[in-house]
Amino acid sequence: MKTETIKRKKSRRIYIGEVPIGDGAPIVVQSMTNTLTGDVGATLDQIRCLAQAGCDVARVAVPDDEAARAFVEIREQSPIPVIADIHFDYRLAIKTIHAGAHGVRINPGNIGGTDRFAAVIEAAKEAGICIRVGVNAGSLEKSLLETFGSPTPEAMVQSALTYTAFMENRGFHNYKVSLKSSDVLATVAAYREFSRVSDAPLHVGVTEAGPLVQGTVKSALGIGLLLYEGIGDTIRVSLSTSPVQEVRAAYAILRTLRLRERGVEIISCPTCGRCGIDLFSAVERVEEMLSTITSPLKVAVMGCVVNGPGEAREADVGVAGGQGQGVLFKKGKLVRKLREEEIVEVLVAEVRNMASS
Ligand code: SF4
């Protein structure tokens, strides 16, 4: 039986800075800074960490004038394109557009009416940048809530279609759409339906997904189900932790679906009574030490001879543990025996070598 490859749904191409989104472009990984935007140094430091982890586009909250002023310098010094995230105050959207934002994210439902939405559209059109219309189940218009009774997927789709029609009527096509809910099944249903009726590029994510484990599972399911159906052009995993973890989780999702590879995939066992080495600490150290490698490599760290040699042989580099020792495999070949205390060091050196060649 052959493994399926995902056929991606056709969408329109837009750009955020130089980064292409949609129409078959690699799925773009985004994250959002959680520093105070006014603190330019801290925000830029975080954007650099995100970029190093593989983030393609960073989003920065612009809640007030101070943040809008800081945005100018952030945008100038950022190594990756920066999107300004605006709620409530359309003037901040216009200010950041004039400051050279590579894109703005607004929720037209809270921007203060259609005139103000139109003013943001005009500014974006003039600057040649894209808008993300972010529909969120938590902030749907009153009229839709009255019609649908609650923030249902249908209500979210209706909201998005109203806004996209508004932009299209003004000759503005440089936009992408998100329809997020903290409910995974509602999110999936909304994106599915919207993608059936629109070819707008989609920014996919589950909003307010939660802390690391819960949020990663919800995001992996929500984003993963949609990507598996070919829906989605850019993704953001949203977690209540460091945004660098969001980027790592995003790549884990993309790698699992074979949509985009970057960095080291670690195959490690959960251990059991047969394990003869301190596997958890070895895996933790290997993961940390290899976190800056960008080459897509598979590294196995296994506890014993039951599944260890098999997995280690299939990996680019792998170790199968024994009692206080291990054996090293490289590209399927057994290379040498290792003492437990040298496993991490040797494994990491081998992977770094392979990555640099
Ligand atoms: Fe247990 Fe060995 Fe399997 Fe690890 S590889 S879970 S130690 S049997």
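Note that the structure is predicted; figures quoted are calculated from it, not measured. Computation of the quantities below employed the complete heavy-atom set of this structure, encompassing side-chain atoms and omitting hydrogens, waters and symmetry-equivalent molecules. Both ligands and their constituent atoms are indexed starting at 1 by order of listing.
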Distance criterion under 2.8 Å: protein N/O/S atoms around atom 1 (Fe) of ligand 1: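 With waters ignored, the protein N/O/S count below 2.8 Å is 1.
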Residues clustering with Ile21 (ILVMFWY side chains joined when closer than 4.5 Å, directly or via others):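 Members alongside Ile21: Ile14, Ile16, Val19, Val28, Val57, Ile83.
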Inter-residue atom distance Arg236.CZ - Ser178.OG, 0.5 Å rounding: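 Result: 11.0 Å between the selected atoms.
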Minimum heavy-atom distance Ile293-Ala355, with the two atoms named: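 The answer is CG2-CB, 3.8 Å.
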Side-chain heavy atoms of Asp65 within contact of Lys95, under 4.5 Å: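 Sidechains of Lys95 and Asp65: in contact.
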Contact check, side chains of His87 and Arg105, non-hydrogen atoms, under 4.5 Å: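 Heavy-atom side-chain distance check passes, below 4.5 Å.
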Thr43 side chain vs Leu36 backbone, donor-acceptor pair below 3.5 Å: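 Yes, Thr43 side chain to Leu36 backbone: donor-acceptor pair under 3.5 Å.
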